[in-house]
Amino acid sequence: MEDRSIRVSGGSGLFYFTVLCSYANFRTSYRRIDGIGYTVYPGEWICRISELAEWFRVRFHHQAISILDRLQKQQLINYTSLGRGKVVKFKVQGWRHHNTVLDYNAPCQKDRGFFFMPLSIAADLISTEKCSDMDCVLDLWLNTIYNDEQVKGSDIGPVVYLRNGTGNPLLGYSELAERWGISKTTVGRFLKRMETAGYLSLMSFPGTHGSVIYLQNYLSTMFQISDVMIDKDEVAMMLNIKVVLPEKACDEAELTENEKADSVSKISLSVSKTVMETLIKKVTKILTTQGFSCFGCPKSIYKLYPLSNDCKESIWESPPFGEGYFQEERFGLTVSCGTKDIFHFQLTLIPTRRSERMV
């Protein structure tokens with residue numbers, strides 16, 4: 001509500017309804033306005049129309065009343081004008097069904113806490129008209145999943161998942177455009193703007209894969225725990241999206257004498273310099289984001305070596321990425337500090353006809 005850079009005009013009504021729910025009482029309390037005392041029951045709130053107009057970000061009182069009329073027509077709220085039209089008392093329909101009601105009185109107003117927003121109501125609201133930027137933000141927030149074993153990538157961080165039954169959080173701009181009633185170009189601009197503002201991390205993948213959206217500041221807001229850094233390569237591996245490695249950096253004739261001396265690609269049980277640098281770069285980036293501080297230390301020594309042929313196995317690559325049996329390669333990675341080995345990892349490189357991906 002405080003960020004005025006997020007537009008709310010011309011919205012579906014999700015933002016306005018969420019604002020009213022955020023002020024609704026959980027228990028009976030009392031409030032005085034202009035010297036008159038009012039009893040406010042659970043699911044209700046009473047306020048001046050000027051306050052309501054400020055929350056809704058409209059200039060005139062009749063615009064705020066028009067929004068209330070619209071929500072009342074949709075049977076989401078009931079409201080009454082009091083104090084000769086200067087005060088409004090509203091009640092959220094079905095509040096007791098979705099939120100716990102505390103059965104005792106308290107002479108204080110509800111100024112903090114949380115409430116449950118039914119996803120069915122949110123889906124109905126965003127499907128009525130074109131969504132504003134704030135409606136889109138709230139839709140992403142309401143459909144965020146964290147640490148659910150049925151949703152891929154949710155153990156890495158809070159990911160947006162539209163509950164389509166697939167367990168895959170990949171989203172296409174066309175899907176979001178249809179959902180929000182806007183164009184794909186507008187969806188792209190909106191997501192980029194929200195990423196720049198620090199509200200989300202947008203990870204787009206080539207081809208028809210789509211994008212994955214992780215929310216920033218979600219964990220600290222919802223669970224009071226530290227937010228995590230999200231690595232794109234780790235997300236790609238989690239979703240089985242191909243991470244492209246160069247097949248050949250250059251021809252043998254183009255290598256300088258020093259590069260030939262550094263490269264060991266002609267030896268059967270060795271790792272080429274190109275593959276070694278690429279794999280170590282990706283692995284260290286992923287593990288650093290997971291808290292392995294040694295990977296950021298300049299004293300660390302990396303040893304990458306191929307495992308024996310007995311560790312290899314044939315796999316079947318299905319369309320559309322390829323078709324046929326392919327031989328995977330497995331490597332060992334040892335991280336040392338001086339003469340002491342600290343970590344041992346096993347990497348699997350699955351080649352396909354078009355690219356390679358690291359598991």
Side-chain angles (χ1 to χ4, degrees), residues 3 5-6 133-134 136-164 166-173 175-176 179-180 187-245 277-297 300 333 335 343 345 347-350 355-359:
D3 192 344
S5 66
I6 305 179
D133 287 355
M134 187 67 81
C136 296
V137 171
L138 289 172
D139 187 37
L140 294 177
W141 191 274
L142 291 171
N143 287 280
T144 295
I145 301 293
Y146 177 63
N147 206 16
D148 188 336
E149 61 181 10
Q150 297 182 356
V151 180
K152 296 179 181 178
S154 64
D155 56 336
I156 301 175
V159 65
V160 176
Y161 174 61
L162 297 183
R163 294 170 172 80
N164 52 16
T166 63
N168 195 327
L170 284 167
L171 297 170
Y173 283 7
E175 180 181 0
L176 293 177
R179 179 181 181 88
W180 294 337
V187 170
R189 287 199 299 262
F190 162 75
L191 293 177
K192 289 294 184 182
R193 190 167 64 253
M194 292 300 102
E195 183 178 34
T196 303
Y199 285 99
L200 55 87
S201 294
L202 178 64
M203 301 183 182
S204 300
F205 297 98
T208 58
H209 290 296
S211 302
V212 179
I213 303 173
Y214 284 90
L215 287 192
Q216 300 284 0
N217 305 318
Y218 184 88
L219 298 181
S220 58
T221 301
M222 296 295 291
F223 306 110
Q224 288 78 51
I225 61 178
S226 299
D227 293 287
V228 296
M229 295 179 60
I230 308 298
D231 181 77
K232 184 176 181 179
D233 290 337
E234 185 180 8
V235 175
M237 289 186 289
M238 184 68 65
L239 302 179
N240 294 326
I241 297 176
K242 298 176 184 298
V243 177
V244 178
L245 298 178
E277 291 179 346
T278 306
L279 286 178
I280 290 180
K281 182 179 179 181
K282 291 182 178 294
V283 171
T284 54
K285 182 179 178 181
I286 292 172
L287 294 178
T288 299
T289 60
Q290 296 302 314
F292 290 86
S293 58
C294 291
F295 286 89
C297 178
S300 297
L333 175 64
V335 182
F343 299 110
F345 298 94
L347 313 177
T348 302
L349 189 65
I350 304 176
S355 61
E356 295 177 335
R357 68 173 180 263
M358 181 181 63
V359 180

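Note that this is a predicted model, so its numbers are computed, not measured.
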CA sep, side-chain torsions, deciding dist, call: Y146, V151, side-chain contact (heavy atoms from CB on, under 4.5 Å): CA-CA 8 Å; Y146 177 63; V151 180; over 6 Å; no

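- No hydrogens or angles considered: nothing links the side chains of N217 and Y199 as a donor-acceptor pair under 3.5 Å.
- Once rounded to the nearest 0.5 Å, the distance linking CZ of R189 with CE of M194 reads 12.5 Å.
- Two residues are said to be in side-chain contact when any heavy atoms from C-beta on lie closer than 4.5 Å; Q150 and I145 fail this criterion.
- Summarising the geometry of R179 relative to N143, their closest heavy-atom pair is NH2-ND2, 3.5 Å, with the distance given to 0.1 Å.
- Looking at L219 and V228, their side chains come closer than 4.5 Å, going by heavy atoms from C-beta outward.
- Side-chain N/O atoms of S154 and D148 include no donor and acceptor closer than 3.5 Å.
- For the atom pair M222 CE and T144 OG1, the distance stands at 9.0 Å (nearest 0.5 Å).
- Separation of atoms CG (L162) and CG (L171) is listed at 5.0 Å; rounding is to 0.5 Å.
- Between F190 and D133, the shortest heavy-atom distance links the atoms CE1-O, 3.6 Å.
- Inspection of the Q216 and S201 side chains reveals an N or O donor paired with an N or O acceptor under 3.5 Å.
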Check against side-chain contact (heavy atoms from CB on, under 4.5 Å), E175 and V187: CA-CA 10 Å; E175 180 181 0; V187 170; over 6 Å; no

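- Within 6.0 Å of the CD atom in E149, the count of heavy atoms belonging to other residues, nucleotides or ligands does not exceed 12.
- The side chain to side chain contact (heavy atoms under 4.5 Å, CB included) with Y214 is formed by just one residue from the set I156, V160, L202; it is I156.
- Atom CG of L176 is separated from atom OG of S211 by 8.5 Å, given to the nearest 0.5 angstrom.
- Considering all non-hydrogen atoms of both residues, Y161 and P169 come closest at CD1-CA, 4.1 Å.
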